[in-house]
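Inspection log for the structure reproduced underneath, given as structure tokens.
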Amino acid sequence: MANRKRQDGNPSGLEIYSIEDLLAEKQETSGADHTTLDEDIRGAVQKARTGGISREEFPVTTDTSPVPVIIGTSLVEEEDKAGKTDTVAAPAAGAGARRSPADPGDEEPGEGEQDMDEPGADEEDTEPGGRKQRPRVNLHVLLALVIVAVAAAAGIRFYVWSRGDNALLPTTSQKEKYLVEVNDNMVLLPEEKLKGHEDDGVTTILALGNAPFSDDTGKSGLAGQIASLGNATVINAAFPGSEVTCQNASYKTDSQEDMDDIFNLFYVSYAISLQDYSSLENVAKFHTDNPQYAAAIETLKNTDMSKVDIIAIMYDASDYQNKRPVYNEGNKDELVTYVGSLRSSFKLLQEKYPWVRIVFMSPTYMLHEEENGKSEDGRTTDLGNGTLIQYWQFAYDTCGDCSVSFLDNYYGSVNDSNYKKYLKDSIHLNKKGCTKIADHFVYKVLQNKYDEYDAGSLMVSGS
């Protein structure tokens, strides 16, 4: 071996052989299978370089000669510092180090460790050649997880949208926001409808409806706040206790309730189209307890319709409360249905005053009060003709069919997330509620903003 040895001047006196030295040496042939440890190692290395070799195939001997340790591409013969003994020295820890299975001094593997010589210990962690295997990712499983995550997110979004509240939103220090989609549908009049109408430079609004306008006719009421925020003239001609839907298919005088049909939307629209308010005046005489009836009629008599730019119509959810039919498929204009009365009223006003833009302001959210005092959610309670949402949906569709602007006060102003702030009871607006709806009206109708209205903020008033 003298001709293979290479001294590096290492102070430890270790003799080091490179693989190149071993392979460069001419092998000696012998009749015995293994004559020396050097030849065993040389043969194993040659086999690994040419055909590959596993760790189990690597020949290991219990010879008392110094134990070879493979480090990188070098072979190190390590001598026992205390002198040669009968015990095989444990290999130094490091890359490629291997313990002899015949070593009588081997200790049991510690807790959490795996014996290097146990079957399968190396195969699970390494590839042929000693390289560490990387964990494999199943692309099919990963794709399935992504699909499930996207579907779950979409489901949550749909659920929250359908509820119209912010139950799943994190609370922040910013202004309150509600995860709802505001369904305003603004329709502007075509130029041909405005021909012959002279613009006087003042925005004049005629307000029709019931409690939202008639409860408070002062500056703090809905009409008063629209006038203030929008710098407009608002004529308040709302009748208390009235509804969209007619009580009877034809007008009757059998009872006070029958006669009060005259104050519902269709008959008021009919009187405006004829400019004849005598029938309203005759019935108003029975309502001396509430001066708003006579005041509304007097207002209409003194209104110059040539000056009116917008007719704003808003009723609360009285039609839903009083279980009025919503729709008749066989007669879409039937007055005893919510849709029929809307369609007929729009037609009367549009034919008589084509230059006037009509804006229907939807009812807000409300709670239905049972006789026992129990409150029912109008969003989910069907009183016989559908829930409040169904009245809202049919009104939205009808306005679209009739080219009437639709202002969404259910989702966009007072909804099931904020009604306690804006209603003074289960249905009627308080002062803040009037401010909220007036703000919404001015932003969308008078300022013609096309972006979505923020149901959690005041966009105009700033209060």
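Partners of H197 according to the side chain to side chain contact (heavy atoms under 4.5 Å, CB included) rule, which considers only residues two or more places apart in sequence or in another chain, are D309, W355. Among residues two or more places apart in sequence or in another chain, the ring pair (Phe, Tyr, Trp, His ring centres under 6.0 Å) test is passed with Y327 by F394. Contacts of Y419 classified as ring pair (Phe, Tyr, Trp, His ring centres under 6.0 Å), with partners at least two apart in sequence or in another chain: Y365. Applying the side chain to side chain contact (heavy atoms under 4.5 Å, CB included) test to K285 and every residue at least two apart in sequence or in another chain returns N282. Partners of S413 according to the side chain to side chain contact (heavy atoms under 4.5 Å, CB included) rule, which considers only residues two or more places apart in sequence or in another chain, are N409, K436, I437, H440. D199 is linked by a side chain to side chain contact (heavy atoms under 4.5 Å, CB included) to nothing, counting only residues two or more places apart in sequence or in another chain. The ring pair (Phe, Tyr, Trp, His ring centres under 6.0 Å) search around F360 returns none, not counting sequence neighbours. Listed by chain and residue number, nothing satisfies the ring pair (Phe, Tyr, Trp, His ring centres under 6.0 Å) test with F286 (two or more places apart in sequence, or in another chain). Taking the salt bridge (charged side-chain N to carboxylate O under 4.0 Å, His left out) definition, one finds that E281 meets it with K301, sequence neighbours left out.
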Test side chain to side chain contact (heavy atoms under 4.5 Å, CB included) on I310 and L206; report intermediate values, then the result. CA-CA 6 Å; I310 298 171; L206 174 61; over 6 Å; no
Residues V356, L349; criterion side chain to side chain contact (heavy atoms under 4.5 Å, CB included); working and verdict: CA-CA 8 Å; V356 176; L349 296 173; over 6 Å; no
What verdict does the side chain to side chain contact (heavy atoms under 4.5 Å, CB included) test give for V460 and Q447, after you've listed the backbone C-alpha separation in whole Å, the side-chain angles of each residue and the deciding distance to 0.1 Å? CA-CA 10 Å; V460 180; Q447 295 184 356; 4.0 Å; yes
Carefully, step by step, assess R357 and L188 under the rule side chain to side chain contact (heavy atoms under 4.5 Å, CB included). CA-CA 7 Å; R357 179 186 180 189; L188 299 179; 3.6 Å; yes
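In this structure a side-chain-to-backbone donor-acceptor pair under 3.5 Å is present from D276 to S278. Without hydrogens or angle criteria, D184 side chain to L407 main chain gives no donor-acceptor distance under 3.5 Å. Using a distance-only test at 3.5 Å, with no hydrogens or angles considered, no donor-acceptor pair links the side chain of N302 to the main chain of T299. Of the possible donor and acceptor atoms, one in the side chain of D261 sits under 3.5 Å from a partner among the backbone N and O of N248. Remark: side-chain polar atoms of D439 are paired, donor with acceptor, to backbone N or O of S461 under 3.5 angstrom. In this structure, the side chain of K444 engages the main chain of D451 through a donor-acceptor pair within 3.5 Å.
In this structure, the separation between CG on N430 and NZ on K420 is 14.0 Å, given to the nearest 0.5 Å. Within the model, atoms CG of L265 and OH of Y315 stand 4.0 Å from one another, a figure rounded to the nearest 0.5 Å.
Residue pairs meeting the side-chain hydrogen bond (donor to acceptor under 3.5 Å, both in side chains) criterion with at least one partner in residues 333-342, sequence neighbours excluded, are N328-E334, D333-R343. Pairs of residues two or more places apart, or lying in two chains, that qualify as side-chain hydrogen bond (donor to acceptor under 3.5 Å, both in side chains) and include a residue from residues 218-232 are D216-S220, Q225-T435.
Between the side chains of N322 and E243, at least one donor-acceptor pair of N or O atoms lies under 3.5 Å. Judged purely by distance below 3.5 Å, without hydrogens or angles, the side chains of N183 and W392 never pair a donor atom with an acceptor atom.
Across all their heavy atoms, S375 and E369 have their closest contact at OG-OE2, 3.0 Å. Residue T303 comes nearest to I235 through the heavy atom pair OG1-CG2, 3.6 Å, listed as atom of the first residue, atom of the second, then distance.
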Can you list, pair by pair, the side-chain donor-acceptor contacts under 3.5 Å of residues 381-389, counting residues two or more places apart and other chains?
{"from": "T381", "atom 1": "OG1", "to": "D377", "atom 2": "O", "distance (Å)": "2.7"}
{"from": "D382", "atom 1": "OD1", "to": "G384", "atom 2": "N", "distance (Å)": "2.8"}
{"from": "D382", "atom 1": "OD1", "to": "N385", "atom 2": "N", "distance (Å)": "3.3"}
{"from": "D382", "atom 1": "OD1", "to": "G386", "atom 2": "N", "distance (Å)": "2.8"}
{"from": "N385", "atom 1": "ND2", "to": "K323", "atom 2": "O", "distance (Å)": "2.7"}
{"from": "T387", "atom 1": "OG1", "to": "I389", "atom 2": "N", "distance (Å)": "3.4"}

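The aromatic rings of H287 and Y293 sit parallel to each other, their planes meeting at less than 30°, with 60° as the upper class boundary.
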